[in-house]
Amino acid sequence: MNEQAAHGTSCTGTGNRTVPPTPSQTVGPFYGHALPFPRGGALAPEGDLRALTLHGRVFDGAGQPVPDALLEFWQAAPDGSRTGAPGSLRRDPADGSVLGRDGVEFTGFGRVSTDADGHWAVRTLPPPQSAPYVAVCVFARGLLHHLYTRAYLAEPAADPLLDALPAHRRATLLAPAERPGVHRFDITLQGEPDRETVFLDFG
Amino acid sequence: MAAPPALSSQADIDAEIAAAVPGGGPHPDRGYAPYRSSALRHPHQRLAAVRDPEAVELSGPVFGATDVTALDHDLTRQHLGEPLGERITVTGRVTDRQGRPVRHQLVEIWQANAAGRYAHQRDDHPAPLDPNFTGVGRCLTDGEGRYSFTTIKPGAYPWRNHLNAWRPAHIHFSLFGTAFTQRLVTQMYFPGDPLFPYDPILHSVTDPAARRRLVADYVHALSQPEFSLGYRFDIVLDGPAATWTEPEEQR
C-alpha cells in the first residue's frame with residue numbers, strides 16, 4: 001500500500017455506503033467565539049504524573065505561520081481504551097460556563113486554536129504502545145475540507161502507515177521529545193515532500 | 001510578507017467557477033482557486049491511504065449531558081433581551097452513509113447576526129453588533145439522530161475574496177459521528193438565495209447535486225404559528241467507522 005490520491009478513489013470505494021454525504025465547507029475565519037473552549041487542550045487529568053506536552057506550529061505553503069487554524073485531537077487512553085468519555089466541554093449548570101474536565105476521566109478529545117504566531121499546545125496522557133500516536137484533525141480558514149494527520153510520540157517497531165511511507169515523508173509524522181515530557185509536532189499544510197506533513201485518507 | 005495581489009473582479013471569479021470541472025466528488029477540492037485563501041493552504045502531496053482496521057480514528061470522541069446546557073440550543077435566549085431578526089427553527093437528522101442515526105452526539109452551530117456581523121473581534125464589517133445575539137449554539141442529537149435549534153436568520157455579509165464579494169446567508173455546522181473519520185464541518189444555506197451563483201465557497205462543491213445538499217428546505221409544517229419559520233437540514237456524515245469494512249478489491 002502506497003500513498004494514494006485522495007480523490008478519484010474515494011468515490012468508487014463506497015462499498016455499502018449508499019446515502020450521498022453532506023459536503024464539507026471551510027470553518028472560515030470567525031469560529032473563534034464558537035468552537036474553542038476553555039482548557040480545550042487540557043486532556044490530561046490535573047495532577048496526573050504521566051502527563052506530557054505536545055506542541056508545535058502550523059505553516060502554510062509560503063512557510064508563514066497559520067494564525068487561524070483549529071486543531072482537534074483524539075487518541076486511545078494509556079490503557080488502550082478507545083471509548084473515550086464525555087465531559088470535554090463539561091459545563092456549569094448555574095451559569096453555562098465551561099468547567100473543564102472532571103479531573104478523573106480521560107476523554108481522549110481536545111481542541112485548540114493556533115495563536116497569532118501559529119503555535120498550539122496540548123497537555124495529554126501518553127497513548128498506548130499499541131497505537132502510539134495522537135490523531136490530529138486540522139481545520140482552517142482557506143481549507144475547504146479538514147485534513148487528518150498523526151503525531152507519533154514514539155516510533156513503533158512496525159506500523160502499517162509509517163512502514164508504507166518513504167523515510168522523508170515518514171519523518172513528518174514523528175513528534176520526538178525535545179526534552180523530557182515535551183514533544184514537538186509542526187504541521188505544514190503545503191510544501192515539498194520532505195516538508196509537507198503527511199495527511200491521511202481513510203476512504 | 002509579499003504585498004497581497006490585486007483583487008479579482010466578480011466576472012473573473014464567475015469565469016473561474018464556470019471553468020471548474022464538475023463531478024469530482026461530494027467534497028470540495030482543497031485547492032479550489034476561486035476561493036483565494038485556499039492557494040497556500042492545501043496539500044500538494046498525495047494523501048496517504050489508511051485502511052488499517054485497528055486505526056484509532058475508526059473510534060471517536062463522545063459527549064454527554066454534562067457537555068451542553070438546556071439553553072444552548074436556543075440562540076435567542078442567551079441574553080437579557082431578544083435578538084433582532086427573523087426567528088427561525090432549524091431541525092434535521094444526522095445519519096451515516098448507511099442511513100443509521102448518529103445518536104446522542106454533539107452538534108455545534110455558529111453564525112452571523114441578522115445584519116451579517118459576527119460577534120468576533122476580527123469581523124470588521126460595518127454592520128451593527130446585536131447585544132442580544134452571540135450566534136453560538138450546541139445540542140446533542142436524540143435517540144433518532146435528530147437535532148433542533150432556535151435562532152434568527154443570519155444576514156449576508158461582504159468579504160475580501162474578490163471585489164464586491166458577498167457570502168450568501170449561512171449557518172456553520174460542526175458534527176461528530178461515531179468515528180473521528182466522520183468529522184464534518186460544513187455550512188447550511190437558505191433556499192432561493194440570490195447570492196448563490198456568485199459564491200466561490202458554495203461552488204467549491206462542483207457537483208450540482210452535492211451542492212443542493214447544502215441548502216436547507218423551508219418546511220411550512222415546521223413553522224410555528226406567531227413564532228418562527230421552520231427549516232429542515234438533514235446531514236449525512238462521510239467516512240468509515242469501526243463497524244464498516246470495505247471489500248478487499250476496492251482498497
Side-chain angles (χ1 to χ4, degrees), chain A residues 1 3-7 10-11 13 15-17 19-28 30-35 60-62 74-76 82 84 86-87 89-91 93 96 108-109 131 135 137 139-146 148 160-161 165 189-190 193 196 198-203, chain B residues 24-28 30 32 35 37-38 40-52 56-57 59-64 66-67 69 71 97-99 108 110 118-120 122-123 136 172 174 180-181 183-187 201 204-205 210 213-214 235-240 246-247 250:
Chain A
M1 183 177 72
E3 291 189 36
Q4 187 181 347
H7 300 289
S10 59
C11 296
N16 55 356
R17 288 181 287 175
V19 189
T22 305
S24 172
Q25 294 269 268
T26 179
V27 75
F30 299 133
Y31 57 80
H33 62 308
L35 295 181
D60 70 13
W74 169 245
Q75 65 170 91
R82 297 166 179 213
L89 274 136
R90 198 172 58 104
R91 307 282 292 284
F109 174 73
C137 185
F139 302 90
R141 176 182 67 84
L143 185 57
L144 284 159
H145 191 185
H146 57 265
Y148 294 103
L161 170 61
L165 296 171
L189 295 175
Q190 185 185 89
E196 183 180 299
V198 169
F199 296 106
L200 308 179
D201 165 29
F202 291 97
Chain B
H27 299 291
R30 295 181 180 90
Y32 183 71
Y35 177 34
S37 305
S38 72
L40 292 170
R41 293 184 170 197
H42 71 278
H44 282 168
Q45 313 304 319
R46 288 173 168 187
L47 305 201
V50 176
R51 300 292 182 270
D52 174 11
V56 163
E57 294 88 347
S59 59
V62 292
F63 300 89
T66 61
D67 293 306
T69 72
L71 279 179
R97 292 197 58 187
Q98 290 170 270
E108 298 168 283
W110 70 105
Y118 285 90
H120 187 291
R122 290 186 58 206
D123 184 359
V136 176
H172 296 267
S174 161
F180 203 46
T181 58
R183 194 77 179 84
L184 177 69
V185 164
T186 189
Q187 301 181 23
I201 291 184
S204 70
V205 179
R213 296 198 293 274
L214 292 176
I235 297 161
V236 180
L237 303 184
D238 209 349
E246 191 175 39
Q250 290 183 335

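Naming: A, B, ... by sequence-line order, numbering from 1 per chain.
The shortest non-hydrogen separation linking A:Asp60 to B:Leu40 is CB-O, 3.4 Å. For the residue pair B:Gly99 and A:Val19, the shortest heavy atom distance occurs at N-CG2, 3.8 Å. A pairwise comparison of heavy atoms in A:Pro160 and B:Asp52 identifies CG-OD2, 3.6 Å as the closest pair. Heavy-atom minimum distance, A:Gly142 versus B:Arg41: O-CB, 4.1 Å. In this structure, B:Val205 and A:Pro23 approach most closely via the heavy-atom pair CG2-CB, 3.6 Å. Summarising the geometry of A:Gly96 relative to B:Thr69, their closest heavy-atom pair is CA-CG2, 4.1 Å, with the distance given to 0.1 Å.
If you measure heavy-atom distances from B:Val136 to chain A, the contacts under 4.5 Å come from the side chain alone. With a 4.5 Å cut-off on non-hydrogen atoms, B:Ser174 touches chain A through its side chain but not through its backbone. Within the 4.5 angstrom heavy-atom criterion, only side-chain atoms of A:Phe139, from C-beta onward, approach chain B.
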Between A:His145 and B:His42, is the side-chain contact (heavy atoms from CB on, under 4.5 Å) condition met? List the steps. CA-CA 9 Å; A:His145 191 185; B:His42 71 278; over 6 Å; no

Walk me through whether A:Trp74 and B:Arg183 qualify under side-chain contact (heavy atoms from CB on, under 4.5 Å). CA-CA 11 Å; A:Trp74 169 245; B:Arg183 194 77 179 84; over 6 Å; no

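Between A:Pro21 and B:His27, some side-chain heavy-atom pair lies under the 4.5 Å cut-off. Side chains of B:Leu214 and A:Gln25 form a contact here, defined as non-hydrogen atoms less than 4.5 Å apart. Taking 4.5 Å as the limit, every side-chain heavy atom of B:Pro26 sits out of range of all side-chain heavy atoms of A:Pro20. Using a 4.5 Å heavy-atom cutoff, the side chains of B:Ile201 and A:Thr26 are in contact. The side-chain heavy atoms of A:Thr22 and B:Leu237, taken from C-beta on, include no pair separated by under 4.5 Å. The side-chain heavy atoms of A:Tyr31 and B:His172, taken from C-beta on, include no pair separated by under 4.5 Å.
Note that CZ of B:Arg30 and OG of A:Ser24 are 7.5 Å apart. Values are rounded to the nearest 0.5 Å. With rounding to the nearest 0.5 angstrom, the CZ atom of A:Phe30 is 4.0 Å from the CG atom of B:Asp123. Interatomic distance, A:Leu143 CG to B:Tyr35 OH, rounded to the nearest 0.5 Å: 8.5 Å.
In terms of heavy-atom pairs under 4.5 angstrom with chain B, the leader among A:Gly61, A:Ala131, A:Pro86 is A:Pro86. In terms of heavy-atom pairs under 4.5 angstrom with chain A, the leader among B:Ser37, B:Gly60, B:Ser204 is B:Gly60. Per-residue heavy-atom pair counts under 4.5 Å with chain A were compared for B:Glu57, B:Arg122, B:Glu108, and the maximum is reached by B:Glu57. Put simply, of B:Ser38, B:Gly64, B:Ser59, the one with the most heavy-atom pairs under 4.5 Å next to chain A is B:Ser59. If you tally non-hydrogen atom pairs under 4.5 Å between each of A:Gly108, A:Pro93, A:Gly87 and chain B, the highest count goes to A:Gly87. Top candidate by heavy-atom pairs under 4.5 Å with chain B, chosen from A:Arg90, A:His33, A:His146, A:Gln75, is A:His33.
With hydrogens and angles ignored, the 3.5 Å screen pairs no side-chain donor or acceptor of A:Asp201 with any backbone N or O of B:Ala48. At least one donor-acceptor pair under 3.5 Å links the side chain of A:Glu196 to the backbone N or O of B:Gln45. Under a 3.5 Å cut-off, the side chain of B:Trp110 and the backbone N or O of A:Leu35 do not form any donor-acceptor pair.
Judged as a salt bridge (charged side-chain N to carboxylate O under 4.0 Å, His left out), and not counting sequence neighbours, the contacts of A:Arg91 are B:Asp72.
Taking the six-membered ring for Trp and thresholds of 30 and 60 degrees, B:Phe63 and A:Phe109 have ring planes more than 60 degrees apart, a perpendicular arrangement.
Residues B:Phe180 and A:Phe202 place their aromatic rings such that the two centres sit no closer than 6.0 Å.
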